[in-house]
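What you see is a predicted model; the values in this text were computed from it and never measured.
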Amino acid sequence: MYEKLSAELKEKFPQYDISLNIDDDNVAHLSGQVNCWDDVVDIGLLVGKPEEIHSVVNDITVKGLNIPKRDYESWSAEGRSKGVLDSADVVIIGAGICGCGIARQLSHLKLKIAVAEAGEDVAVGTTRANNGDIHPRNKYALGKKKFEYCLRGNALYTKWGEELGFTVKREGYLYLACSPKYMNDLITISKEPWFARIPGAKLMTAAEIKKMEPILNEPGELKIKGLEGAQKILGGISYPTGGSVDPYQVSVALAENAVQNGVHFYFDAPVCAIDKKNGKITGVVTRKGIIDCKYVINCAGVYTDDMAMLAGDRYFTIHGRKGTLVVFDKACKPRFNSIATVLTDKEHAMKASKKMKNSKGGGMDRTVENNVLIGSSAKEVWDKEDTASDRSEIDYVMNLCDDPSLGQGQVIRCFTGVRAANYKEEFMIEPSLHQPDMIHVSGIQSPGLTSAPAIAEDVEQILLRQMQLLEGKKPEENPDYNPVRPKRVEFRHMTAKEKEELIARDPAYGHVVCRCEQVTEGEIRDAIESPLHPRSVDAIKRRTRAGMGRCQGGFCEVAVAKMLAEAQKFKLDEVTKSGGDSYLLTGETP
C-alpha cells in the first residue's frame with residue numbers, strides 16, 4: 001500500500017516533496033509543504049481513498065499561509081482557575097444535532113450526562129447552515145456508513161417528530177430527466193442493488209410524473225432559467241421518503257427533552273483540555289471550569305480532530321468544506337409538489353464548473369416552512385471559522401436556480417456554514433483507537449442531519465460496550481425517562497377557530513410580535529420559559545422563527561429583545577444578537 005500511494009503522489013504531485021508514513025493502525029501521516037490549500041486537500045483525499053487506510057493525519061502546510069489555531073493553553077488555564085463546574089459520567093462535546101441527539105438518547109439510562117458547547121446555544125456550528133433535507137438515500141455505495149446511516153435515520157425521523165413535537169414533511173424527492181442521456185442514467189440507477197432498499201423508490205414515465213406535478217401539464221412543457229426553449233420531461237425517479245425538517249427545531253426539541261430527562265447543558269464552554277490519570281479520562285476542562293467525568297463523546301464538528309489531539313490520540317484530520325445557501329421570500333412558491341431536481345445540460349455544466357466531486361453541489365430546494373431555498377455550494381477552506389458568504393459562492397448558488405420567475409430581488413437571506421469533512425469522506429463513529437473511554441462522532445457532513453437518529457442509537461451501543469469492557473457493567477434504565485416533549489404552539493399554522501380558542505385561554509397569543517412569520521407574544525414567552533433557556537435574540541429566532549421573515553427582524557427584533565431582557569432581568573443594552581459581544585444596543589440615548 002505504501003509503495004502504491006507513494007508512486008501516485010509522485011506522479012500526480014511531482015513538484016512537491018511530500019512525506020508519507022503509514023503506521024500499524026493503517027493511519028496515513030502526511031507532511032511537507034505545497035503552494036495552495038486545494039493541493040493539501042487533494043493530496044489528503046488521494047491518500048485516504050484506499051479501503052485499507054483507516055484515516056489520514058494531514059500535516060502538510062501551505063507556503064506563506066499561517067492558519068490560526070485555538071489557544072487551548074490559555075483557555076485551559078482560565079478554566080482551571082474557575083475550579084470544578086460539574087461532575088458527570090459522560091461529557092458530550094458539542095451541541096449540534098448529533099450531540100443533542102446523543103444526549104437525548106442516553107438520557108433513558110441512569111447516567112449523569114453533561115454537554116459542553118463552545119457556542120451560545122444549540123445548533124450554532126455546522127448544524128446551523130443546513131438545508132434541512134431528510135435524504136431518502138446517499139450517493140455512497142451499498143454498505144458504506146453514509147448509506148446505511150442515511151437509510152436508517154430517514155426512517156427514524158417519523159418517530160422523532162411524533163415524540164418530540166417537531167414537523168417532519170415527506171414531500172418526496174423527484175429527479176426529472178430532460179435528455180436521453182439523463183434518462184439512461186436514471187434507468188441505470190434504478191437497476192443498482194441499493195435501489196430496491198429505498199422504500200417506494202420507482203422509475204417513472206413522463207405520464208406518471210405529470211400526474212404528480214401539475215406544472216408539467218401546462219402548455220410548452222417546462223421552462224428552465226438560463227436555457228432557451230422549453231424542456232421536455234422524458235421520465236424520472238421518485239423517492240417518496242425524502243423530505244424536510246427545520247434543523248433548529250429538531251436540535252432544540254432534542255436538547256429540551258434531554259434537559260427534561262436530567263441532562264445538563266453548558267454554553268460558551270469550549271473544551272480546551274482533557275484530563276487523564278493512569279491513562280483513563282478523569283474530566284474535561286472548559287473555559288467555564290472543569291467537568292469531572294469517566295467518558296467523553298466527541299461531537300465537536302470541525303474541531304473533533306482537536307479534541308482527539310487533546311486526549312493524546314490524534315489519528316485523523318478534519319478539513320473545512322464551506323457551503324452557502326440562499327433563502328427566498330415565502331411569496332415565492334415552489335414550482336413542484338416534490339423536492340425536484342431537473343437534470344438538464346445546464347445542471348451538468350454547473351457541476352462541472354466547480355470542484356463538487358466530494359459532496360453534492362446543491363440545487364433547488366425548500367425549507368419545512370415552504371421557503372424556496374437554493375444551495376449549498378462546496379468550497380474547501382483552510383479557516384474552520386470562515387462562515388462569510390462570499391460573492392462568488394452566492395453567484396454560484398444563484399446560478400443553480402432553474403425557476404425563471406426567481407431572482408436576487410426575492411432573496412431574504414444568505415447564510416454559510418463549514419462542514420466537517422475528513423479524508424476518507426466517510427463518517428467516523430467509533431471508540432478512539434488508543435483511548436477506549438472516548439468515542440468519536442466525526443466527519444459528519446451530508447447526510448449527517450438525516451443520519452442523526454441512527455447515529456444516536458449506535459453511539460449508545462458503543463458506549464454500553466465500552467462501559468462493559470472497562471467497568472464490567474452497564475447502567476440501569478432511568479425510571480423517570482419520558483421521551484415526549486410536547487409540541488409548541490405554532491400560531492401561524494392554526495385554523496381560525498383554533499386561534500380564537502387559544503386567544504380566549506391566553507390573550508398573549510393574540511399579540512403578533514413578528515408580522516412576517518406571525519409569531520406571537522405567547523410563543524416568545526413560551527420559548528423564554530422553556531427548559532433550555534434562550535439567552536440571545538437569535539436563540540429565540542431559532543425556537544420561534546421571529547425574525548426569519550421578509551424583514552429579517554427589522555420590525556420585531558427590538559420587541560423580542562425587550563421581552564428577553566424583562567424575563568431574564570437584563571438591562572436592554574446587555575441583550576445580544578447571538579452571544580459574545582454582539583450587543584444590539586450601546587446604551588440609552590441622552
Side-chain angles (χ1 to χ4, degrees), residues 84-117 122 149 152-153 155-157 159-166 250-266 269 271 274 280-284 286 291-300 304 307 311 427 429-432 435-442 444 451-486 531-532:
V84 176
L85 178 65
D86 198 355
S87 178
D89 296 303
V90 181
V91 169
I92 299 168
I93 306 175
I97 193 164
C98 283
C100 291
I102 292 165
R104 189 256 185 171
Q105 180 73 26
L106 296 182
S107 69
H108 82 91
L109 300 171
K110 208 170 182 180
L111 291 170
K112 190 172 181 186
I113 301 162
V115 180
E117 164 58 42
V122 301
Y149 275 113
R152 284 175 47 211
L156 288 169
Y157 257 99
K159 182 181 179 182
W160 260 20
E162 290 170 351
E163 290 182 341
L164 296 168
F166 63 80
V250 177
S251 300
V252 168
L254 288 164
E256 286 185 354
N257 188 238
V259 170
Q260 289 170 338
N261 288 301
V263 176
H264 292 176
F265 280 75
Y266 296 95
V271 170
I274 295 177
K280 295 181 179 179
I281 290 174
T282 59
V284 301
T286 77
I291 306 176
D292 294 331
C293 67
K294 295 186 290 184
Y295 297 91
V296 169
I297 299 175
N298 176 17
C299 302
T304 49
M307 298 302 106
F427 295 160
I429 302 166
E430 63 185 29
S432 195
Q435 191 65 50
D437 40 12
M438 186 176 199
I439 298 169
H440 296 301
V441 182
S442 182
I444 309 299
S451 304
I455 290 172
E457 287 188 346
D458 279 12
V459 170
E460 178 192 356
Q461 294 307 309
I462 294 171
L463 177 64
L464 293 176
R465 287 197 297 270
Q466 297 306 102
M467 294 181 82
Q468 183 70 47
L469 174 69
L470 299 174
E471 301 182 51
K473 62 180 182 179
K474 297 179 181 180
E476 299 175 1
E477 292 285 320
N478 175 4
D480 299 320
Y481 174 70
N482 181 0
V484 177
R485 177 253 195 190
L532 195 74

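Remark: the backbone N or O of Asn482 is paired with a side-chain donor or acceptor of Asn261 at under 3.5 angstrom. A donor-acceptor pair under 3.5 Å is formed between the side chain of Asn298 and the backbone N or O of Thr304. With hydrogens and angles disregarded, no donor-acceptor distance shorter than 3.5 Å links the side chain of Lys280 to the backbone of Asp437. Side-chain atoms of Asn478 come within 3.5 Å of backbone N or O of Ser107 as a donor-acceptor pair.
Here the side chains of His264 and Ile291 are not in contact, with every heavy-atom distance at 4.5 Å or above. With a 4.5 Å cut-off on side-chain heavy atoms, Ile444 and Phe427 count as touching. Within the 4.5 Å cutoff, the side chain of Met467 has no heavy atoms near those of the Leu109 side chain. Ile274 is listed as a side-chain neighbour of Met438, based on a closest heavy-atom distance under 4.5 Å.
Considering only residues two or more places apart in sequence or on other chains, Glu430 meets the salt bridge (charged side-chain N to carboxylate O under 4.0 Å, His left out) condition with none of them. Not counting sequence neighbours, Asp292 has no partner by the salt bridge (charged side-chain N to carboxylate O under 4.0 Å, His left out) test. Under the rule for a side chain to side chain contact (heavy atoms under 4.5 Å, CB included), the partners of Leu156 that lie at least two apart in sequence or sit in another chain are Pro453, Ala454, Glu457. With sequence neighbours excluded, the residues that form a ring pair (Phe, Tyr, Trp, His ring centres under 6.0 Å) with Tyr157 are Trp160. In this view, Glu256 and Arg485, Arg488 satisfy the salt bridge (charged side-chain N to carboxylate O under 4.0 Å, His left out) rule, not counting sequence neighbours. Partners of Lys474 under the salt bridge (charged side-chain N to carboxylate O under 4.0 Å, His left out) rule, at least two apart in sequence or in another chain, do not exist in this structure.
Here CD of Gln105 is found 8.5 Å from CD of Gln461. Values are rounded to the nearest 0.5 Å. We find the CD1-OG distance between Ile97 and Ser451 to be 10.0 Å, quoted to the nearest 0.5 Å. To the nearest 0.5 Å, the span separating CD on Glu117 from OG1 on Thr286 amounts to 11.5 Å. To the nearest 0.5 Å, atoms CD (Gln435) and NE2 (His440) are separated by 8.5 Å. How far CG of Asp458 is from CD1 of Ile102: 10.0 Å, rounded to the nearest 0.5 Å.
The minimum heavy-atom distance linking Arg104 with Pro483 is given by the pair NH2-O, 2.8 Å. The shortest heavy-atom contact between Val459 and Val441 is CG2-CG2, 3.7 Å. Closest approach of Ala116 and Ala269 over heavy atoms only: CB-O, 3.8 Å. The minimum heavy-atom distance between Val122 and Cys100, with the atom names listed, is CG1-SG, 3.8 Å. What you find for Glu471 and Tyr295 is that their closest heavy atoms are OE2-OH, 2.5 Å.
Checking Leu463, Leu464, Ile462 one by one against Glu460, the side chain to side chain contact (heavy atoms under 4.5 Å, CB included) holds for a single residue, Leu464. Exactly one of Ile113, Ile93, Leu106, Val91 qualifies for a side chain to side chain contact (heavy atoms under 4.5 Å, CB included) with Ile297. That residue is Leu106.
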**Item:** Pair Glu477-His108, side-chain contact (heavy atoms from CB on, under 4.5 Å): steps then yes or no
**Value:** CA-CA 6 Å; Glu477 292 285 320; His108 82 91; 2.8 Å; yes

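Heavy atoms from other residues, nucleotides or ligands lying under 6.0 Å from NZ of Lys112 number more than 12.
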